[in-house]
Amino acid sequence: MKNLLAQPTLEFARTMHDSPRPEDDLSRILEEPGFGEVFTDHLVDLCWSERGGWHRPRVRPYGPLQLDPAAAVLHYAQEIFEGLKAYRHADGSIWSFRPEANAARFQRSARRMALPELPTEYFIASLRELIAVDGRWVPSAPETSLYLRPFMYAKEAFLGVRPAKKVEYCLIASPAGAYFKSGPAPVSIWLSTQYTRAGKGGTGAAKTGGNYAASLVAQQEAYEHGCAQVLFLDSVEGRWIEELGGMNVVLVKRDGTLVTPDSDSILEGITRDSVLQLAEDRGHRVERRPVSLDEWRDGVASGEVVEAFACGTAAVVTPIGQLKGPDFTVGSPDAEPGELTLSLRKELTDIQYGRAEDRHGWMLRLDQ
Ligand code: PLP
Ligand code: COI
């Protein structure tokens, strides 16, 4: 396990909360944290301006942001975010999983959305700083964590359409249990044939709010059909599968090959990359290539596709039991979770929670 960047290069000015969450309240929250509902006592923020670059690193009590009604983000959605987790190990130490990969993706998203790039050291320093003040919010119950949500938005008050000259970076955190109410049990997925989330040359590969806004009406449709997530195709004519609203998708073939869509309009998931690496380490073949809807649909019917799973920071690795479209259904909501899916989930979480050797050097300690 490596311990890079132990010394933050930024000096954060700290203003501490004068009434932090009482311990008994906090213990109750941490027992069953849900997802994204309760937030820690503090946030970290950092300003950027065209003239001054990154400046004014600080920690302050969690609370509303002050935003001019003309702030560009409210009108033109110039905004990006990330999602990663802090895990408590059995000895009480606090670790994150491949945060440099999140920092690099945050920089790629920034370039696509004409926002300034936050240096990796600042990204990591902000995580360490939040853990320094709110470390007691990292839960220790099985499969729980503290979800870290870095984001950056255009705060310049200006209604002309051009990249903003004033930007803010902010980090908030929220204790997290399972994203799906069903936990690691199989979920049903709804195929959207009417909507896509991203197009060629668009913003699909960036982690930006607009992609999620574009997914909501389809996600609503998924709920109406009893499904937990929506599957998007590359276009409404719909030949190639892309990803789910908030996670990547992987199919497992009868011969043990793992197949996942390769497309420049989906988010390059760090969970997916890691799980596929673990599968390759075990000798499985991995194919990153265009994957058609027919390959999935017909493959389940013929027995060629034996497992499917969703993967992402929030979802971890979640088996897909059923794929439903307007005129077809394959699989069953009561399907047994795939064996390989469950064992990859276990291997990944064992590394994240410090129960297995970190042979790829993925873990970074945050509480030092
Ligand atoms: N795809 C989308 C649209 C997502 O929102 C996410 C979650 O962040 C992912 C894929 C998976 O990415 P990661 O594994 O890095 O969390
Ligand atoms: C994440 O997994 O970090 C995401 O941003 C996806 C969202 C469903 C919470």
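Each ligand, and each atom within it, is numbered from 1 in the order the structure gives.
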Quiz item: Where is the nearest protein heavy atom to atom 8 (C) of ligand 2: which residue, which atom, and how far?
Solution: Y179 OH, 3.4 Å
Quiz item: Is the distance between the ring centroids of W95 and Y87 less than 6.0 Å?
Solution: no
Quiz item: Under 4.0 Å from any heavy atom of R149, which atoms of ligand 2 are there?
Solution: 5 (O)
Quiz item: When you check the side-chain N and O atoms of Q277 and D281, is any donor under 3.5 Å from an acceptor?
Solution: yes
Quiz item: For E304, does the CD atom sit with more than 12 other heavy atoms under 6.0 Å from it, leaving out its own atoms?
Solution: yes
Practice problem: Check the angle between the aromatic planes of H17 and H42 and answer parallel, tilted or perpendicular using the 30° and 60° thresholds. | Solution: perpendicular
Quiz item: Do the charged groups of E242 and K200 touch, with an N to O distance under 4.0 Å?
Solution: yes
Quiz prompt | E237/R239 salt bridge by N-O under 4.0 Å criterion | solution = no
Self-check item: Distance-only side-chain donor-acceptor flag, S292 / D294, under 3.5 Å
Solution: no
Exercise. Just jot down the ligand 2 atoms closer than 4.0 angstrom to any heavy atom of F81, in number order.
Key: 5 (O)
Quiz prompt | Ion pair check, E143 and R355, cut-off under 4.0 Å | solution = yes
Quiz prompt | Contact check: Y147 vs ligand 2, nitrogen or oxygen atoms, below 3.5 angstrom | solution = yes
Self-check item: ring-ring contact (aromatic ring centres under 6.0 Å, His included) evaluation trace for Y179 with Y147
Solution: CA-CA 11 Å; Y179 184 74; Y147 184 76; 8.7 Å; no
Quiz item: Does A314 reach ligand 2 with a nitrogen or oxygen that is under 3.5 Å from one of the ligand's nitrogen or oxygen atoms?
Solution: yes
Practice problem: Record the part of K85 in heavy-atom contact with ligand 2 below 4.0 Å; permitted values are side chain, backbone, both and neither. | Solution: neither
Quiz item: In terms of ring plane angle, is the pair W362 and F97 parallel, tilted or perpendicular, where the classes change at 30° and 60°?
Solution: perpendicular
Exercise. If you have a sec, work out which protein heavy atom is nearest atom 6 (C) of ligand 2 and how many Å separate them, to one decimal?
Key: G246 O, 3.5 Å
Practice problem: Indicate yes or no: does E117 engage R111 in a salt bridge with an N to O separation below 4.0 Å. | Solution: yes
Quiz item: Is ligand 2 under 4.0 Å from a heavy atom in the side chain of K207, in the backbone, in both, or in neither?
Solution: side chain
Extract all N/O-N/O pairs under 3.5 Å that connect ligand 1 to the protein, and present each with both atom names and the distance rounded to 0.1 Å.
from, atom 1, to, atom 2, distance (Å)
ligand 1, 1 (N), E243, OE1, 2.6
ligand 1, 5 (O), K207, NZ, 3.2
ligand 1, 5 (O), Y212, OH, 2.5
ligand 1, 8 (O), K207, NZ, 2.7
ligand 1, 14 (O), I270, N, 3.2
ligand 1, 14 (O), T271, N, 2.9
ligand 1, 14 (O), T271, OG1, 2.6
ligand 1, 15 (O), R105, NH1, 2.7
ligand 1, 15 (O), R105, NH2, 3.1
ligand 1, 15 (O), I270, N, 2.8
ligand 1, 16 (O), T313, N, 2.9
ligand 1, 16 (O), T313, OG1, 2.6

Quiz prompt | Element-labelled atoms of ligand 2 that are located less than 4.0 Å from some non-hydrogen atom of G83 | solution = 3 (O)
Quiz item: Just which atoms of ligand 2 are under 4.0 Å from any heavy atom in T313?
Solution: 2 (O), 3 (O)
